[in-house]
Amino acid sequence: PLVDDTVVVRSGLYESRFSTRGARLVGASFLRYRSMNPADTANGERKILDLLPRGESMLDNRILVGNDTVRFDAYQFTASADEVAVDNNGATLTFTGNVAGRAVTIVYTFRADDYRFDIAGRIGGIGINGGTLLVGLGNGFRDTETNIAENHRESGLVTKQSDTDLTRFGSLDPLTRTVIPGPFEWVAVKSKYFVAGLFSYDTTRTDLAGRIGAVIADVEDTLPKKPVRARTAVSLPVAAEGEWAGTLYLGPMEYDRLTAMGREFDDVNPYGWPGFRTIIRPFAVAIRAVFVWMHHTLGLGYGMAIVVFG
């Protein structure tokens, strides 16, 4: 049987938990934020916000080579450390394993003061025709807001080609698969105030620079009739050398951090018509960031946050 050990990566901002089964992300806590869901209150104190649902994961990879599809989480990986403390110099966590007879290495590189981390992978014996890597972005987020219905309405996936495009989970059909063809520079799964965005693009190009080939969203639930989540994955090409790379932003929609990611990631919550977004975006996202901070740090309801902000 596979040993499913957990490696904890911690900075002053976050605690990320990785499984040695498939080198996947199985937990993401944000230490400056508290869950507003009443179910996450113990002894009158709100718990630290943990974004991934119990039993779910992200970065659960599958490799497609010819007619074969192989899941990484069916194999045991060895981690370079049992735990990682991220300081101002950053830190790395390396997983090595053997997937269906092919040597695999995955390196995660973390920053102490940012919610982004870099991903670099390599798989041997892929063949001259290369393959396709499917990178999992999870099955939606935990319900961490007081108004769960509103959080569900705002949840969906966002793609960035020339413009950003939002597909709400509620617009999908139960028990169906939706495929959105790229190429995309980034793809994100979002709730009202938190986002997981995977970036992969060619820095030498200015047009159609995205390396993400497509998005696959599977709605696995029959109820509710308007889905509130979908199991999402993106496809990345893997050349004969067997290498892939990307960056994952996983955290709150703080305007300065979204802007720093570039590639119009601050438009991950598209507002209005495309022609007006450039004007509206800085105001809308900045106000949203203030509300997020007041809501999760000061414990104010959004109605009260609006009053205080005004």
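Both backbone and side-chain heavy atoms feed into the values below; hydrogens, waters and symmetry mates do not.
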Parallel, tilted or perpendicular: rings of F18 and F110 (30°, 60°): perpendicular
Residue pairs involving residues 237-246 (criterion side-chain hydrogen bond (donor to acceptor under 3.5 Å, both in side chains); sequence neighbours excluded): R122-E243
Gap between atom CG of L198 and atom CD1 of I212 - 0.5 Å precision: 5.0 Å
Side-chain heavy atoms of V158 within contact of V195, under 4.5 Å: no
Close side-chain approach of R46 and M36, heavy atoms under 4.5 Å: yes
Polar side chain donor-acceptor pair, S19 to D4, under 3.5 angstrom: yes
Pairwise side-chain contact, L59 with I106, heavy-atom cut-off 4.5 Å (strictly under): no
Those residues that, when tested against F77, pass ring-ring contact (aromatic ring centres under 6.0 Å, His included) (two or more places apart): none
ring-ring contact (aromatic ring centres under 6.0 Å, His included) involving F265 - partner list, sequence neighbours excluded: W186, F199, Y249
L166 reachable from I216 in the ILVMFWY side-chain graph, under 4.5 Å edges: no
Any donor-acceptor N/O pair, N147 side chain to E150 backbone, under 3.5 Å: yes
Hydrophobic cluster of L175, others only, ordered by chain and residue number, side-chain cut-off 4.5 Å: none
From CA spacing to verdict: side-chain contact (heavy atoms from CB on, under 4.5 Å), D143, V228: CA-CA 10 Å; D143 293 321; V228 299; over 6 Å; no
Step-by-step side-chain contact (heavy atoms from CB on, under 4.5 Å) determination, Q76 to T78: CA-CA 7 Å; Q76 182 78 37; T78 300; 5.7 Å; no
Within 6.0 angstrom of D82 CG, more than 12 heavy atoms from elsewhere: no
Short side-chain to backbone donor-acceptor contact, N43 and E45, under 3.5 Å: no
Within residues 58-70 or reaching into it, pairs that qualify as side-chain hydrogen bond (donor to acceptor under 3.5 Å, both in side chains) - sequence neighbours excluded: none
Heavy-atom closest pair, residues A28 and D50: O-OD1, 3.0 Å
Qualifying side-chain hydrogen bond (donor to acceptor under 3.5 Å, both in side chains) pairs with a residue from residues 223-239, counting only residues at least two apart or across chains: E56-R231, E220-R231
Hphob cluster co-occupancy, V238 + V70, side-chain heavy atoms under 4.5 angstrom: yes
Main-chain N/O of Y255 paired with T259 side-chain donor or acceptor, under 3.5 Å: yes
Distance in Å, I119 CD1 paired with S200 OG, rounded so as to fall on 0.5 Å steps: 9.0 Å
Gap separating the CG atom of L133 from the CG atom of L236, nearest 0.5 angstrom: 6.0 Å
Rounded distance [0.5 Å steps], CZ in F194 versus CZ in R142: 11.0 Å
Any pair counted as ring-ring contact (aromatic ring centres under 6.0 Å, His included), so long as it reaches residues 138-172, sequence neighbours left out: none
Sub-4.5 Å side-chain heavy-atom contact between D267 and K160: no
Hydrophobic cluster identity match, F72 and I126, side-chain contacts under 4.5 Å: yes
Atom pair CZ/CZ of R34 and R32 - distance to nearest 0.5 Å: 13.0 Å
Approximate separation, where rounding is to 0.5 Å, of R71 CZ and L134 CG: 10.0 Å
Nonpolar side-chain network containing L31, other nodes, edges under 4.5 Å: I48
For R211, salt bridge (Lys or Arg N to Asp or Glu O under 4.0 Å) partners two or more places apart: none
Which residues share a side-chain hydrogen bond (donor to acceptor under 3.5 Å, both in side chains) with E83, sequence neighbours left out: none
Y193 and T144: CA distance, side-chain angles, deciding distance, side-chain contact (heavy atoms from CB on, under 4.5 Å) verdict: CA-CA 10 Å; Y193 295 106; T144 59; over 6 Å; no
Heavy-atom side-chain contact between L52 and V26 under 4.5 Å: no
Worked check of side-chain contact (heavy atoms from CB on, under 4.5 Å) between S80 and T92: CA-CA 9 Å; S80 59; T92 61; 5.8 Å; no
Contact list for residues 97-120, test side-chain hydrogen bond (donor to acceptor under 3.5 Å, both in side chains), sequence neighbours left out: R111-D118, D114-R116, D118-T247
M58 vs V189 side-chain heavy atoms within contact, under 4.5 Å: no
Residues that E15 engages under side-chain hydrogen bond (donor to acceptor under 3.5 Å, both in side chains), provided they are two or more places apart: R10, R17
Result of checking T146, D40, T41 against S35 for side chain to side chain donor-acceptor pair (under 3.5 Å): D40
Check: P174 and D221 side chains under 4.5 Å, non-hydrogen atoms: no
pair P53-N139: side-chain heavy atoms closer than 4.5 Å: no
Shared hydrophobic cluster for V99 and V107 (ILVMFWY, side-chain gaps under 4.5 Å): no
Path from L13 to L248 over hydrophobic side-chain contacts below 4.5 Å: yes
